[in-house]
Amino acid sequence: MKPCDVAVVGAGMVGAALALALAREGFEVAVIEPRAPKPWNAQDEIDLRVVALAPSSVELFTRLNVWHEIAAARASAYRRMRVWDALAPGKLDFDAADEGRAALGWIVENRLIQWMLWQALQRDARITLHCPATVVATEATAERRTLTLDDGSIIHAKLTVAADGADSALRAMSGIITHDRDYGQRAIVAHVATQRAHESTAWQRFLPGATIAFLPLADGRSSIVWSVPEAESVRVLALDDDAFCAELGTALDFRLGRVIATTPRASFPLRLKLAQRYLAPRFALIGDAAHAVHPLAGQGVNLGLRDVEELRNVLVEARDAKRDFAVESVLRRYERRRRSDNTLSAQAFDAIQRVFGSDAMPVAALRGAGLSVVDKIGPLKLAFARHAAGRA
Ligand SMILES: Cc1cc2nc3c(=O)[nH]c(=O)nc-3n(C[C@H](O)[C@H](O)[C@H](O)COP(=O)(O)OP(=O)(O)OC[C@H]3O[C@@H](n4cnc5c(N)ncnc54)[C@H](O)[C@@H]3O)c2cc1C
């Protein structure tokens with residue numbers, strides 16, 4: 001088979017965005033993915049998995065020519081964010097208007113993003129899709145990396161990028177270990193109807209040992225993410241719908257009135273997983289394969305899409321300077337920049353989770369003061385908002 005420039009393993013939101021970004025820059029790209037996304041239809045019920053996309057992610061999707069289609073299909077802008085605490089009086093408010101922006105971010109279904117990216121991959125002549133396929137073996141020489149797929153085909157690529165998610169098989173095959181922490185929590189998700197309108201606002205309340213977020217959906221409902229300890233999740237998942245709605249209303253302190261209807265629920269285990277290195281010979285990690293973080297700040301895919309921007313920039317710069325773009329000295333720049341940002345972000349979410357995950361009184365006093373202090377100090381608050389917008 002003709003060698004390609006870059007093989008991207010995994011066509012989730014991050015891998016598909018990288019493949020497109022590189023193809024648009026003239027690289028020949030092979031994409032290996034075991035499962036094509038299911039076609040998205042406007043008549044479909046809003047999928048339970050949604051993400052809050054930061055403006056930086058939307059800017060990337062706009063440059064890749066997929067944002068217009070996503071926004072036209074179904075995306076919900078949120079203009080405000082209200083964060084407060086059940087144990088202390090502190091609060092944190094963000095307004096897009098304070099930042100001179102139309103929106104703080106957009107709530108979009110994962111499946112819709114994946115479907116639009118997948119169609120763009122199929123249309124791009126510089127991209128060869130291998131699907132359904134997985135990598136069964138990989139080997140690097142000085143010049144390239146060879147991937148053997150389960151259908152028997154062989155791919156030779158100057159660079160292989162693993163974007164195959166938090167449980168990355170390629171990361172394991174490359175001998176890269178991760179620093180892991182099990183939060184002992186599950187995120188319960190559902191879409192709910194509330195008595196009061198969501199006002200295009202993302203609502204988040206810290207509870208003793210738990211966090212509840214209501215994210216505004218385009219149809220007037222809210223998508224909830226309720227992170228609770230494992231044992232509590234078993235109880236909450238077993239509640240009937242009426243009891244679940246009643247507990248949700250209480251958890252948000254009735255800020256949107258009573259919760260009056262819910263979809264079926266799903267839940268996800270919450271873990272921190274940070275790769276100790278992002279590189280191996282002719283190999284790099286990106287997205288959740290490099291860093292899976294707690295969803296309380298809604299930043300997982302936004303960090304991954306920032307990896308895409310950085311890796312693309314580093315590869316293009318080296319190629320334009322007529323250098324081998326897949327050698328360690330080039331890739332090291334990507335790793336240095338992204339690993340520090342991702343690790344700092346993960347540690348910040350981790351610290352928030354530790355402080356707000358505790359119901360001990362001295363910590364509770366500290367946590368309330370923390371939110372109030374941040375809200376009162378303009379530059380600090382702006383720094384928080386900038387970070388959330390992906391421009392820190
Ligand atoms: C409850 C919850 C809420 C969240 N909310 C937000 C939010 O609001 N904002 C946000 O930014 N992030 C959020 N996240 C995180 C976000 O969902 C992830 O960061 C994001 O999905 C990671 O994208 P990815 O493309 O790196 O990996 P994945 O989405 O895991 O995609 C991996 C891809 O690789 C493929 N694959 C798997 N194994 C193989 C293999 N062996 N070979 C080849 N391909 C393979 C998969 O089929 C898939 O297509 C949330 C996460 C959870 C659990």
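The basis for the numbers below is simple: all heavy atoms, side chains too, and nothing from hydrogens, waters or symmetry mates. As the structure lists them, so they are numbered: ligands from 1, and atoms in each ligand from 1.
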Exercise for the section: Please state whether the rings of H294 and Y183 are parallel, tilted or perpendicular, taking 30° and 60° as the class boundaries. Expected result: perpendicular
Exercise for the section: Report yes or no: does H291 contribute a side-chain atom to a donor-acceptor pair with the main-chain N or O of G300 at less than 3.5 Å? Expected result: no
Of all the non-hydrogen atoms in the protein, which one sits nearest to [atom], and at what distance?
{"atom": "atom 29 (O) of ligand 1", "result": "Q114 NE2, 4.4 Å"}
{"atom": "atom 27 (O) of ligand 1", "result": "G165 CA, 3.8 Å"}
{"atom": "atom 17 (O) of ligand 1", "result": "R49 NH2, 3.1 Å"}
{"atom": "atom 31 (O) of ligand 1", "result": "G12 CA, 3.7 Å"}
{"atom": "atom 49 (O) of ligand 1", "result": "E33 OE1, 2.7 Å"}
{"atom": "atom 44 (N) of ligand 1", "result": "P34 CD, 3.0 Å"}
{"atom": "atom 6 (C) of ligand 1", "result": "V51 CG1, 3.6 Å"}
{"atom": "atom 15 (C) of ligand 1", "result": "G300 CA, 4.0 Å"}

So between [options], whose heavy atom ends up nearest [atom]?
{"atom": "atom 22 (C) of ligand 1", "options": "D288, I113, V225", "answer": "D288"}
{"atom": "atom 38 (N) of ligand 1", "options": "D164, V136, D150, V293", "answer": "D164"}
{"atom": "atom 11 (O) of ligand 1", "options": "D167, D307, V301", "answer": "V301"}

What about [X]: any of its N or O atoms under 3.5 Å from an N or O on ligand 1?
{"X": "V14", "value": "yes"}
{"X": "A52", "value": "yes"}
{"X": "P295", "value": "no"}

Fill in the blank from the handout: In R282, K158, R319, the residue satisfying salt bridge (charged side-chain N to carboxylate O under 4.0 Å, His left out) with D324 is R282
Exercise for the section: Return yes when V135 approaches ligand 1 closer than 4.0 angstrom through a heavy atom, no otherwise. Expected result: no
Practice task
Consider ligand 1: state whether an atom of it lies below 4.0 angstrom from any non-hydrogen atom of A163.
Solution key: yes
Problem - Atoms in ligand 1 flagged as close to A169, the criterion being non-hydrogen separation under 4.0 Å - result: 41 (N)
Which one holds for [X] and ligand 1: side chain close, backbone close, both close, or neither close, with close meaning a heavy atom under 4.0 Å?
{"X": "Q299", "value": "backbone"}
{"X": "A11", "value": "backbone"}
{"X": "R35", "value": "side chain"}

Problem - Over 12 foreign heavy atoms within 6.0 Å of CD, E139 - result: no
Practice task
Count the heavy atoms belonging to other residues, nucleotides or ligands that lie under 6.0 Å from CD of E143, then report whether that count exceeds 12.
Solution key: no
Problem - side chain to side chain contact (heavy atoms under 4.5 Å, CB included) involving Q347 - partner list, sequence neighbours excluded - result: T343, L344
Handout entry: Residues R74, D47; criterion salt bridge (Lys or Arg N to Asp or Glu O under 4.0 Å); working and verdict
Key = CA-CA 11 Å; R74 200 153 61 192; D47 202 62; over 6 Å; no
Between [Y] and [X], does any NZ, NE, NH1 or NH2 come within less than 4.0 Å of an OD or OE carboxylate oxygen?
{"X": "D288", "Y": "K273", "result": "no"}
{"X": "E310", "Y": "R337", "result": "yes"}
{"X": "R235", "Y": "E232", "result": "yes"}

Problem - OG-CZ distance between S200 and R79, expressed to the nearest 0.5 angstrom - result: 4.5 Å
